[in-house]
Amino acid sequence: MAGAVTVPDSAQRVAVVGGGPGGLYAAALLKRLDPARSVTVWERNAPDDTFGFGVVLSDETLGGIEHADPVVYAALQRHFVRWDDIDIVHAGTRQTSGGHGFAALGRKRLLQILHERCRELGVDLRFRSEAPHVDRLAAEHDLVVAADGVHSTTRDTYSHVFRPHVATHRCRYIWLAADFAFDAFRFEIAETEHGVMQLHGYPYSRPSPDHHPSTKPSGPQHRCGASTVIVEMREEVWRAAGFDELDEQESVARCAKIFADALGGRPLKANKSAWTTFRTVVNEHWSHGNVVLLGDAAHTAHFSIGSGTKLAVEDALALAACLTEQPDVASALAAYEAERKPVVASTQRAARASLEWFENIGLYLDQPPRQFAFNLLTRSRRVTHDNLRLRDASFTEAVERDFGCPPGTPPMFTPFRLRGLTLRNRVVVSPMDMYSATDGVPGDFHLVHLGARALGGAGLVMTEMVCVSPEGRITPGCAGLYTGQQAEAWKRVVRFVHTQAPGTAIGVQLGHSGRKGSTKLMWEGIDEPLEEGNWPLAAASPIPYRPDSQTPRELTRSQLTDIREQFTSAAWRAARAGFDLLELHCAHGYLLSGFLSPLTNHRTDAYGGSLERRLRFPLEVFDAVRAVWPAERPMTVRISATDWAEGGTSAEDAVDIARAFAEHGADAIDVSTGQVVADERPEFGRSYQTPYADRIRHATGRPVIAVGAISSWDDVNSLILAGRTDLCALARPHLYDPHWTLHAAAEQGYDGPGAVWPAPYRAGSRRPQTGRTDAPKPRLTLGS
C-alpha cells in the first residue's frame with residue numbers, strides 16, 4: 001500500500017496517471033526543473049483523443065506559465081483567441097458588457113503543445129496504456145501524481161484516506177462545438193414550451209486571414225474559426241423536451257434548432273458528446289504517502305466560471321514549486337495541499353454560486369434586460385459592481401439608471417419604503433446580542449452602542465434580540481421588554497436616535513430563547529449552561545440543544561397562550577417606546593424557530609408534523625403581535641432558511657415559510673441560516689447566505705433583508721443592483737467601524753441624502769491623509 005512506502009527525500013522517479021493538461025504540464029515542469037528526473041505519463045487514450053473542444057485560461061494562470069516555462073507560454077500565445085465582450089441574449093434583446101479579457105484555445109491544440117514540450121524535455125509518454133495499479137506505482141516511484149480526472153481510480157482506491165465528497169447537481173448539459181467563431185462570450189437564454197434552456201458559447205479558434213464572414217453554414221474549422229457551445233437545462237426540462245430519448249446526433253440537431261439565432265442557422269457538432277450532470281468533487285485530503293491528487297481528481301469547479309483546466313494547470317505549477325522548495329516529498333506534498341486548498345475552496349464557492357444561479361435562472365426571467373444581464377455577470381460574486389464599473393462604466397451606469405439611481409448615487413444609497421417607513425439607504429445594522437443588560441434593562445452601554453451606529457449613517461439600526469420574559473433570555477445579560485423599567489430604558493435609546501441621528505430608523509427584534517436559554521455570557525462560554533442560577537427552559541419538544549444542555553419541557557397549549565401574550569405585551573411596550581420597526585425572531589433555533597424545524601419539533605399535536613402545522617404557533621404569535629403593532633409601522637420576520645443539517649429545513653421549506661409570513665402581513669423577510677442544531681455543517685464564505693434571500697425574494701415577491709458575511713460596500717451595491725435583495729444587514733463590520741456607512745459614502749465620493757453626516761462630524765467626512773504626498777517625482781527613467 002502507498003501508506004506503507006518509505007517516502008524518499010527527493011522525487012527522482014515520477015509517475016503521472018492521466019494525460020490531460022494538468023498531468024502533462026506537471027510532467028513537463030518536473031522534468032524541466034530537474035532533467036535527471038525520470039518522468040512517465042500513462043494515458044489510456046490515443047494522443048489525438050480529446051473530449052470537449054475549447055479551454056479558457058486566465059491572465060493570472062498565463063502569467064504563472066510564462067514564468068515557469070516560457071517555451072510553453074510562447075506556443076500558447078501563438079494560438080490563443082482573446083476577446084473582451086460578454087453578450088447576454090434574452091427575451092429578444094442583447095446586452096453587451098466589455099472589458100472582461102478572456103483567452104482560449106482548442107483543447108486538442110493545448111494537448112499537442114504539451115505533448116511536444118514533454119517530448120522535448122524527455123518525458124516518457126505512454127498512450128493507449130492503462131497505468132499499473134497505484135500500489136505498484138507507489139512502490140516503484142518516488143512520487144505518483146494522480147491526474148486521472150473526475151472519475152479518478154486513484155481517488156477511489158484510497159477513498160478511506162482522501163475522504164472524497166461528490167455532489168451531483170440539478171442540470172443536464174452537453175459539450176458541443178460550432179465551426180465559426182463567436183465574436184464574444186455568449187450566454188443565450190431560450191424560454192421553450194418545456195422550460196428554460198441556456199447556451200454558453202465562446203470562441204477558441206480564429207478565422208484564417210483570408211476568411212470572409214458568411215451567414216451560410218461554415219466550412220473547415222481552420223478557415224472559419226470554431227467555438228465551444230454548451231447547452232444546459234434542468235433535469236425536468238431535459239426530460240420534458242425528450243432529450244432522454246434522443247441519441248447523440250438527434251440531440252445535436254435539436255440543440256442547433258433551439259439556438260438557431262445564436263448559431264446563425266449553422267449546425268453543431270459533437271465529439272463523443274453525452275448529456276451529463278455536473279459533479280462537484282471535494283477531498284478532505286489530497287495526498288497519501290507519496291501519492292498526490294491533481295486537477296479534477298482533487299476538485300472540480302462548474303464550467304460556467306471556466307476554471308477546470310485553469311485549476312489543474314495551477315495545481316501543477318504549485319506542486320512543482322513545492323517539490324523544489326521543500327526538503328523532501330512529504331513536506332512538499334503538505335505544502336502543496338496547504339497552498340492550493342484555500343484557493344480551490346474559494347473558486348469552488350464561486351463556481352457553486354454560479355452553478356446554482358443557472359439552476360434557478362427561471363427566477364430571474366422577469367427582470368428588466370439590463371438588470372438580468374448584471375445579475376448574470378455578478379452571479380459568482382467574483383465580478384462585483386465596482387469591478388464591473390471599471391471594466392465597462394457605460395454598461396454599469398445604464399443598469400444604475402434603469403434601477404433608479406440618481407446620477408452619482410451608488411445603489412446602496414437609494415431609499416427604500418416599508419409601509420409608512422422610508423429608509424434613506426439600504427444598510428441595516430444587524431441585530432447583535434451584547435449580553436450587557438442588568439435584569440433585562442438596557443443601560444448606558446446600549447445607548448452608546450446603538451447611538452454610535454445610528455450616528456454612523458445606516459438606514460436602519462436594529463436592537464439585539466430583546467426577550468419577552470425572564471425565562472426567554474439567552475443569558476443573564478440579555479435585554480428584555482417585559483417590565484415598565486425596561487420599556488423606559490429603551491425609550492431613552494430611541495429618543496437619542498431620533499433626535500441626534502434624524503433620518504435613521506431604529507427597530508426592535510423580539511424573541512424567546514426556547515431551548516437555547518440559561519447559558520453563560522458569550523465570552524465566558526457560548527451556549528454553555530450556567531453553573532448556577534439556571535432557570536427552566538421550554539421548547540416545542542423536549543430536545544436539549546447540546547448533550548450538556550438543559551432539557552427543555554414541551555410547551556402545553558395553555559403555556560403557548562401565555563408565551564403569545566408575552567410577545568404581544570412586549571410589542572405593545574415597543575410601540576410605546578417609539579421603535580420604527582418590529583422584527584419577530586423566528587431563526588437560529590430559538591423558541592419560534594424551534595417550532596419551524598423538523599429537527600427540533602417532534603410534536604404529534606396540531607403544532608407538529610407537517611410544515612403547515614409547524615408554522616401554526618409562529619403564525620399565531622405573528623398575528624397577535626401585528627394586531628397590537630401600529631398599522632403604519634412595518635413588521636419583519638427573521639428566519640433560518642436552512643438548518644445546514646440533514647433532514648432539516650430545505651430551501652423549498654424556507655420559501656413556503658416566508659410565503660406564509662408574507663400572507664399574514666410581514667413587510668419583509670430577514671433571511672438568515674443555521675444555528676438551529678449544534679451539529680450543523682454550514683458552508684461559510686463571502687455572502688454565503690444571500691442565495692437564500694435571493695430565492696425567497698423572487699419566489700414570493702416580498703422584500704428581503706440579506707445577511708451573512710456581507711462585508712464591503714461593493715458587495716452591498718452588487719446585491720442591491722442585481723435584485724438579489726432589497727436591504728443588506730451587516731453585523732461585524734459595524735463592530736469594527738460604527739461609521740461604516742458614512743465611510744462607505746466617503747470612499748465612493750458620495751455626498752447626498754442617502755448618507756448624511758451629523759453636523760458635529762462633518763469635518764471628518766473626508767478620508768484623512770495617511771502619508772506624505774508631496775515628494776518630488778522622478779525626473780529621469782534610465783533603461784536597464
Ignoring hydrogens and angles, tell me if any N or O in the side chain of [X] forms a donor-acceptor pair with the backbone of [Y] under 3.5 Å.
| X | Y | value |
| --- | --- | --- |
| Asp296 | Gly149 | no |
| Thr324 | Cys322 | no |
| Ser718 | His385 | yes |
| Thr673 | Ala641 | no |
| Gln748 | Ala744 | yes |
| Asp386 | Asp714 | no |
| Asn717 | Pro410 | no |
| Arg155 | Arg163 | no |
| Asp643 | Gly648 | no |
| Ser640 | His588 | yes |

Would [X] and [Y] count as having a side-chain donor-acceptor pair, cut-off 3.5 Å?
| X | Y | answer |
| --- | --- | --- |
| Ser205 | Arg109 | no |
| Ser38 | Arg13 | no |
| Asp315 | His299 | yes |
| Thr153 | Asp148 | no |
| Asp328 | Ser331 | yes |
| Ser380 | Ser354 | no |
| Tyr158 | Asn283 | no |

If we only count heavy atoms from C-beta on, is the [X] to [Y] side-chain gap below 4.5 Å?
| X | Y | result |
| --- | --- | --- |
| Ser129 | Arg44 | no |
| Thr690 | Arg724 | no |
| Ile361 | Gln198 | yes |
| Leu76 | Leu110 | yes |
| Val71 | Glu120 | yes |
| Asp142 | Asn290 | no |
| Thr280 | Gln348 | yes |
| His100 | Leu388 | yes |

Distance in Å, [X] [atom1] paired with [Y] [atom2], rounded so as to fall on 0.5 Å steps:
| X | Y | atom1 | atom2 | result |
| --- | --- | --- | --- | --- |
| Tyr336 | Leu323 | OH | CG | 10.0 Å |
| Trp42 | Phe127 | CH2 | CZ | 13.0 Å |
| Asn375 | Leu721 | CG | CG | 9.5 Å |
| Glu747 | His743 | CD | NE2 | 8.0 Å |
| Tyr688 | Arg352 | OH | CZ | 15.0 Å |

Walk me through whether Ser430 and Arg732 qualify under side chain to side chain donor-acceptor pair (under 3.5 Å).
CA-CA 9 Å; Ser430 193; Arg732 288 178 178 83; over 6 Å; no
Pair Asp124, Val41 - check side-chain contact (heavy atoms from CB on, under 4.5 Å), show working.
CA-CA 6 Å; Asp124 182 3; Val41 177; over 6 Å; no
If a pair satisfies side chain to side chain donor-acceptor pair (under 3.5 Å) and one of its residues is in residues 675-686, list it, with sequence neighbours excluded.
Arg686-Asp715
Write down the atom of [X], the atom of [Y], and the distance for their closest heavy-atom approach.
| X | Y | answer |
| --- | --- | --- |
| Phe185 | Phe187 | CE2-CZ, 3.6 Å |
| Val123 | Lys31 | CG2-CB, 3.8 Å |
| Trp740 | Ser711 | NE1-O, 3.6 Å |
| Val229 | Phe182 | CG2-CE1, 4.0 Å |
| Arg381 | Pro691 | NH1-CG, 3.7 Å |
| Gly19 | Glu43 | N-OE1, 2.6 Å |

Inspect the contact between [Y] and [X] and indicate whether a charged nitrogen and a carboxylate oxygen are less than 4.0 angstrom apart.
| X | Y | value |
| --- | --- | --- |
| Glu235 | Arg172 | yes |
| Asp69 | Arg117 | yes |
| Arg340 | Glu314 | yes |

With ring centroids as reference points, do [X] and [Y] lie under 6.0 angstrom apart?
| X | Y | result |
| --- | --- | --- |
| His285 | Phe162 | no |
| Tyr364 | Trp357 | yes |
| Trp175 | Phe53 | no |
| His79 | Tyr204 | no |

Hey, mind stepping through His169 and Phe358 against ring-ring contact (aromatic ring centres under 6.0 Å, His included) and telling me if it holds?
CA-CA 11 Å; His169 301 287; Phe358 281 110; over 10 Å; no
Before giving the answer on side chain to side chain donor-acceptor pair (under 3.5 Å), spell out for Arg391 and Asn387 the whole-Å C-alpha distance, their side-chain angles and the decisive distance to 0.1 Å.
CA-CA 6 Å; Arg391 298 180 187 213; Asn387 179 270; 2.6 Å; yes
Check the pair Val676 / Thr649 against side-chain contact (heavy atoms from CB on, under 4.5 Å), numbers first and verdict last.
CA-CA 10 Å; Val676 175; Thr649 298; over 6 Å; no
Crowding at [atom1], [X] (>12 non-hydrogen neighbours, <6.0 Å):
| X | atom1 | answer |
| --- | --- | --- |
| Glu284 | CD | yes |
| Arg279 | CZ | yes |
| Arg82 | CZ | yes |

Determine whether His200 and Thr228 satisfy the following criterion, side-chain contact (heavy atoms from CB on, under 4.5 Å), listing intermediate values before the conclusion.
CA-CA 8 Å; His200 311 239; Thr228 291; over 6 Å; no
Full working for side-chain contact (heavy atoms from CB on, under 4.5 Å) between Leu355 and Phe303:
CA-CA 8 Å; Leu355 175 155; Phe303 57 81; over 6 Å; no
Verify ring-ring contact (aromatic ring centres under 6.0 Å, His included) between Phe395 and Phe374, making sure each step is shown before the conclusion.
CA-CA 9 Å; Phe395 172 80; Phe374 180 88; 7.1 Å; no
